[in-house]
A.B. asks: 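Here you go, one structure.
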Amino acid sequence: MSNKKGRVFSGARPTGRQHLGNYLGAIRNYVALQDDYDCIYCVVDLHALTTLENTDKLREWTYEMALDWLAAGMDPEKGTIVFSQSHVPRVVELHLLLSVVTSRGWLTRLPTFKEKVRQQPDNVNYGLVGYPVLMASDITLYKADTVPVGVDQAPHLEFTREIVRRFNHHFGDVLVEPQAKHTDFPKVLGIDGQQKMSKSLNNHIEIAASPEEIERRVMQMVTDPSRRYRSDPGHPEVCNVFTLHGFFSPDQVAQIEDDCRSAAIGCVQCKRLFANNLADYFAPFRERRATLAADPDQVWDVLADGARRASRIATETMAEVKAAIGLP
Ligand code: SF4
């Protein structure tokens, strides 16, 4: 390990092109953490199999997501490992070994499992039950001591910590118990202003969108519903455009608030300003993305190199785990 503060692990399911919610909720944190930590960022494609109806898009979504991650600033030159979960199959081996210290009842009582059962009652597969164990395997296989989590994700990490404690209690102090790094994961609403931004709800704005596409989507955004006429004073505190101005127009947000409340600015003008600021903010990103996309092999090479480096750590961990268990 380097002289950084520790080793971070985080993973995300392959969902293709990333949107503002992904960016504000995860990617910008991932990028910032690289300065202080050795970072391992994983496209968790095996996790995705538990809920996907078909797998046709897995390869494309992995590529598009990794492309966005790299263009946004995840940087192997800083020591960051970016890879696909399935490229390091040792995680499946560890998953099995951790499963024997994990109670089945414990897993099926988890609120996240019950939620999945509600969402896909016709496909309650074994992978869904073991999902938290695979997650624990991801983190512990790479000896990550730090996991960035939002407040509502803390119970997930606590589950991993519990599995580690059980394993270490049975077999000796082998696995690293990860600590939560509480990070600001704002809940980003979609253009409907109601629900969390999500591709499946088609209420998202892609970070790779062209300025024209950004403007088109921003113009569809729902604003303060009580502001029916241009002359009506607005209530920025209930307007999602205003919330997002906070991230992308920090120098103008105070003025926008005053102008909205006094009806000095109309929603169309306000949205146009937001669309321009958003397009400007992501202009360097779009440029880097276009350069990378011109040679798709670059992205696959980064993932392959990441898998090689991740495998080296995984092999060491598994040797220690097997020795501790007493497997010949
Ligand atoms: S003026 Fe801007 S902040 Fe105010 S309601 Fe309209 S879009 Fe929202």
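For ligands, and for the atoms within them, numbers begin at 1 and follow the listed sequence. Keep in mind that this is a model prediction, so the values were computed, not measured.
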A.B. asks: Clusters formed by hydrophobic residues whose side-chain heavy atoms approach within less than 4.5 Å: which one holds Val238, and what are its other members?
C.D. replies: none
A.B. asks: Side-chain heavy atoms under 4.5 Å apart, restricted to Ile/Leu/Val/Met/Phe/Trp/Tyr: what other residues fall into the cluster of Val44, or is it alone?
C.D. replies: none
A.B. asks: Think Arg13 forms a cation-pi with Trp61, using NZ or CZ under 6.0 Å from the six-ring centre and within 45 degrees of its axis?
C.D. replies: no
A.B. asks: Give the minimum heavy-atom separation between Val129 and Leu107, together with the two atoms involved.
C.D. replies: O-CD2, 3.5 Å
A.B. asks: Distance-only, no hydrogens or angles: does the Arg289 side chain make a donor-acceptor pair with backbone N or O of Leu70 under 3.5 Å?
C.D. replies: no
A.B. asks: Test of understanding: with side-chain hydrogen bond (donor to acceptor under 3.5 Å, both in side chains), list the residues that count as partners of Asn203, not counting sequence neighbours.
C.D. replies: Asp192
A.B. asks: Atom CD of residue position Glu287 - does it have more than 12 heavy atoms of other residues, nucleotides or ligands inside 6.0 Å?
C.D. replies: no
A.B. asks: Atoms of ligand 1 less than 4.0 Å from Arg227 heavy atoms?
C.D. replies: 1 (S), 6 (Fe)
A.B. asks: Where's the contact between Glu257 and ligand 1, heavy-atom distance under 4.0 Å: side chain, backbone, both or neither?
C.D. replies: neither
A.B. asks: For atom 2 (Fe) of ligand 1, how many protein N, O or S atoms come closer than 2.8 Å?
C.D. replies: 1
